[in-house]
Structures are given as C-alpha cells and as structure tokens.
Amino acid sequence: MAKYTRGTVTAFAPFDARADAEALRKAMKGMGTDEETILKILTSRSNAQRQEIASSFKTLFGRDLVDDLKSELTGKFETLMVSLMRPAHIFDAHALKHAIKGAGTNEKVLTEILASRTPAEVQNIKQVYMQEYEANLEDKITGETSGHFQRLLVVLLQANRDPDGRVDDALVEKDAQVLFRAGELKWGTDEETFITILGTRSVSHLRRVFDKYMTISGFQIEETIDRETSGDLEKLLLAVVKCIRSVPAYFAETLYYSMKGAGTDDETLIRVMVSRSEIDLLDIRHEFRKNFAKSLYQMIQKDTSGDYRKALLLLCGGDDE
C-alpha cells in the first residue's frame, strides 16, 4: 500500500481507544464543551482508530459518539468533526449519495470524486453504495444527470481504464490526431471522441497523448477543452485531464479555489481535507505551495476561524513556508 504513505494523519501511537473515549466523554459531559480536547484527539488519530474510539465510547457509556458530537458542537466545526468520524470506506459513497439526493444535483461533487479516484476505488465505491443504500450508484447518477456529462460519468463509473503498461507510440500519435480532428479541426465538437479516449486510456498513455497533442496543435489539451466544450461536461473533462496529469495538483487547485475570493466553500474544503488526510495531503501541500506561491496552511489560517480553523490546521499538519 505504498501510495497511502503521503498523508498528514497516520496511526497514533501509543493508542488507547478506551482512554480516548473517556477523555471525549469528559469533554462533552456537564455544562460547556471542551472543544480543544475533541479536536486534538480526532485530528491526530487515523480513521480506523476513530472507529475503535466510537466502539469503546458505546461500550463504556451506552452512547453514540457521533450523536453526542452533533448535540454538543455547531456549525462548520461540527461538520468537520462528524466527517472525521465517518468510516473511511463509506466516505465517498456518502458524499455521492448526498450530492444526488433531493432537489438539484451537486455536479461539483460528482466531478471531483469520479475524476480523481482510481478504477479500484471506483469499484469499491459502487459496492459500498449498494451495501449501504441498497441502490445502484450508476442508476442513481443517470437518473439525475443528462447529455455528454452523464455519458462521461457512466464511462468513469465502469472503472475500466486501461491498466498502466508499455505505451504504444503509434497509438499515442493516433489518439492525439483523433482528438485534434474531433476538436480544433472540426466545425462543432465530437464530444464522444473526447469521452472515450479520456475516459478509457491508461494514465501513462494519456500523459504522452497530451504532450503529442501540444506538438501537433500548438495548444494544451485543456485550452481545446475550454474552447470546444462548456458547462458540466467541460468541468468534468478538465478535472479528468488534471487528475491524469497529477491528482495532488488537482486537489491543491480545488482547495485553493474553495478559499479564494469572497466567502469560503466549506463543504469542499472539509471534504478534501478529510478524504485526502491519510492518502496524499503532503503531496497536495507541496503542489499548493508550488502553484499558488503561498502555503495551504497560511490560506486556511487566513480564511477560517475558531475551533474549525484549529482543527483544519492540525489536519494540514504543518506550514510549507
């Protein structure tokens, strides 16, 4: 599992689930709540350890830890702590369910998760979705989306991207030419070609295709997508391309725009910080510093406040100045 060693949150040692459960109960018992203890414990334990703490909490006190957190905390800080308590394997499935339930669909969440997860992760999300919600994720998504956006989501949900292996130069050349003809050289755009090639070819193959495309057309593939497509399809195609190039760079950009300008997109900020904290948040921090001339830590510090800020900064795990 080498790829999971770039997180800011790792298993805490020495770990004592019972002692943590007792400390959390004490922090929430009686008048007033000791938020500092809650945030320090929950941001410094791995998700697996948090599940053990919740189990000990129920065993010792006959109470549900998440219910207690919800009744004692409020606002964004509550959302962040409850998100940290969600079992890792259902985190994405829960986010997707939330994105497609009720009136209106949150296309941003569908785009972010399905563009960035590996085929194995997508297969896992589909299985968990069926187990947890007794529903087929693909059916739910196709019921809430339409057009070429829907088709690319369905392609990504198949999780059949070619495995990385030896790259065939002739196929790289062919795909680059086909994309050029489907976009820049065509009156109107052949979206299906973009969907098929970007949704099914291997990561290493596509990186070479993007380089070859630049040589043939004089444009980055992102520029063509920007010019030739629009709306949700454009956003999804761009997300796929960015994730093919670098998943950490994609998430660095996602975090940057969640905090840039007036107001903060806290839902995105929380989702990315929690979901990547044990996977690649160190790499995301590195890309953030490289691409935005400031550190993720500084931006969180400037953009958030109170216990919410303290908890996010602990998850961030350090400044890269």
Side-chain angles (χ1 to χ4, degrees), residues 99 104-117 141-142 144-158 161-162 167-262 265 268 272 284 287-288 290-293:
T105 306
N106 189 336
E107 289 84 3
K108 183 192 265 183
V109 175
L110 301 185
T111 294
E112 179 197 299
I113 292 176
L114 293 175
S116 65
R117 302 315 191 244
I141 286 177
T142 52
E144 296 292 333
T145 56
S146 61
H148 293 296
F149 175 63
Q150 179 199 79
R151 283 176 208 161
L152 180 49
L153 288 173
V154 170
V155 168
L156 296 172
L157 278 166
Q158 303 321 298
R161 190 176 287 290
D162 297 336
V167 175
D168 177 346
D169 288 335
L171 186 58
V172 167
E173 172 82 38
K174 183 178 167 219
D175 278 352
Q177 292 283 2
V178 166
L179 286 170
F180 186 43
R181 285 199 299 274
E184 298 289 348
L185 289 185
K186 190 172 167 36
W187 177 254
T189 309
D190 176 3
E191 290 92 352
E192 214 146 89
T193 298
F194 279 82
I195 289 168
T196 303
I197 292 176
L198 295 179
T200 61
R201 301 287 197 257
S202 76
V203 170
S204 48
H205 171 85
L206 283 171
R207 285 178 183 160
R208 294 272 294 280
V209 170
F210 298 161
D211 291 343
K212 179 61 76 176
Y213 186 88
M214 178 73 188
T215 309
I216 293 168
S217 69
F219 301 117
Q220 294 287 11
I221 189 85
E222 290 92 334
E223 295 175 78
T224 295
I225 290 168
D226 202 27
R227 262 199 304 276
E228 298 288 330
T229 61
S230 61
D232 293 325
L233 175 67
E234 178 191 349
K235 288 176 190 150
L236 182 54
L237 284 168
L238 287 173
V240 169
V241 169
K242 286 168 184 174
C243 289
I244 293 293
R245 291 194 190 275
S246 164
V247 169
Y250 169 72
F251 280 116
E253 186 182 313
T254 303
L255 286 169
Y256 178 74
Y257 284 107
S258 76
M259 293 181 278
K260 185 181 184 285
D265 177 357
T268 297
V272 176
I284 293 168
E287 292 291 336
F288 197 101
K290 186 175 88 183
N291 295 330
F292 302 110

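Position 1 is the first residue of the sequence, and the numbers go up from there.
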Asp232 backbone acceptor or donor facing Glu107 side chain under 3.5 Å: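 Checked: no pair found.
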
Taking the side chain from Glu191 and the backbone from His148, do they hold a donor-acceptor pair closer than 3.5 Å?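 Pair absent, no side-chain N/O of Glu191 close to backbone of His148.
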
What's the spacing between [X] [atom1] and [Y] [atom2] if we round to 0.5 Å?
X      : Y      : atom1 : atom2 : value
Leu152 : Phe194 : CG    : CZ    : 12.0 Å
Tyr250 : Ile244 : OH    : CD1   : 12.5 Å
Ile284 : Ser246 : CD1   : OG    : 9.0 Å
Glu144 : Asn106 : CD    : CG    : 12.0 Å
Ser230 : Ile225 : OG    : CD1   : 12.5 Å
Ile221 : Glu228 : CD1   : CD    : 10.0 Å

Can you check whether Leu153 reaches Leu110 side chain to side chain, under 4.5 Å on heavy atoms?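 SC-SC contact between Leu153 and Leu110 confirmed.
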
Are Leu156 and Val240 side-chain neighbours, meaning at least one heavy-atom pair lies under 4.5 Å?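 They are in contact (side-chain heavy atoms under 4.5 Å apart), so the answer is yes.
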
Kindly write out the residues that satisfy side-chain contact (heavy atoms from CB on, under 4.5 Å) with [X], not counting sequence neighbours, or none if the list is empty.
X      : result
Ser202 : Asp162, Asp164, Ser204, His205
Asn291 : Ala249, Glu287
Thr193 : Val178, Leu179, Ala182, Asp190, Ile197
Arg117 : Asp92, Ile113, Glu121, Val122, Ile125, Phe251, Ser275, Arg276

Apply salt bridge (Lys or Arg N to Asp or Glu O under 4.0 Å) to [X] and list each qualifying residue two or more places apart in sequence or on a separate chain.
X      : value
Arg161 : none
Lys235 : none
Glu192 : Arg151
Arg181 : none

I would like to know whether Lys212 and Asp175 meet salt bridge (Lys or Arg N to Asp or Glu O under 4.0 Å); could you show each step before the answer? CA-CA 9 Å; Lys212 179 61 76 176; Asp175 278 352; over 6 Å; no

Taking all heavy atoms of Ala115 and all of Leu236, pick out the closest pair and write down the distance.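 Nearest pair, atom of Ala115 first, then Leu236: CB-CD1, 4.3 Å.
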
Shortest non-hydrogen contact from Thr145 toward Ile141: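 Heavy-atom minimum between the residues: OG1-O, 2.7 Å.
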
For side chain to side chain contact (heavy atoms under 4.5 Å, CB included), just list the numbers for Asp168 and Lys174, CA-CA rounded to whole Å, side-chain angles, deciding distance to a tenth of an Å, and then say yes or no. CA-CA 10 Å; Asp168 177 346; Lys174 183 178 167 219; over 6 Å; no

Should Leu198 and Leu237 be marked as a side chain to side chain contact (heavy atoms under 4.5 Å, CB included) after you check the CA-CA gap, both sets of side-chain angles, and the distance that decides it? CA-CA 8 Å; Leu198 295 179; Leu237 284 168; 3.6 Å; yes

Phe292: partners by ring pair (Phe, Tyr, Trp, His ring centres under 6.0 Å), with sequence neighbours left out: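 Ring pair (Phe, Tyr, Trp, His ring centres under 6.0 Å) list for Phe292, sorted by chain: Tyr256, Phe288.
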
Quick one: list whatever passes side chain to side chain donor-acceptor pair (under 3.5 Å) with Glu223, sequence neighbours left out.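 Testing Glu223 for side chain to side chain donor-acceptor pair (under 3.5 Å), a comparison that skips the adjacent residues, returns none.
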
In chain order, what residues pass the side chain to side chain donor-acceptor pair (under 3.5 Å) check against Asp265, with sequence neighbours excluded?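 Testing Asp265 for side chain to side chain donor-acceptor pair (under 3.5 Å), a comparison that skips the adjacent residues, returns Lys108, Thr268.
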
Should the pair Arg227 and Phe219 be classed as cation-pi, given the thresholds of under 6.0 Å to the six-membered ring centre and 45° from the axis?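 Yes, Arg227 lies over the aromatic ring of Phe219.
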
So which pairs with a foot in residues 238-251 pass salt bridge (Lys or Arg N to Asp or Glu O under 4.0 Å), sequence neighbours left out?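 Listed once each, the pairs are Glu222-Arg245, Lys242-Glu253.
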
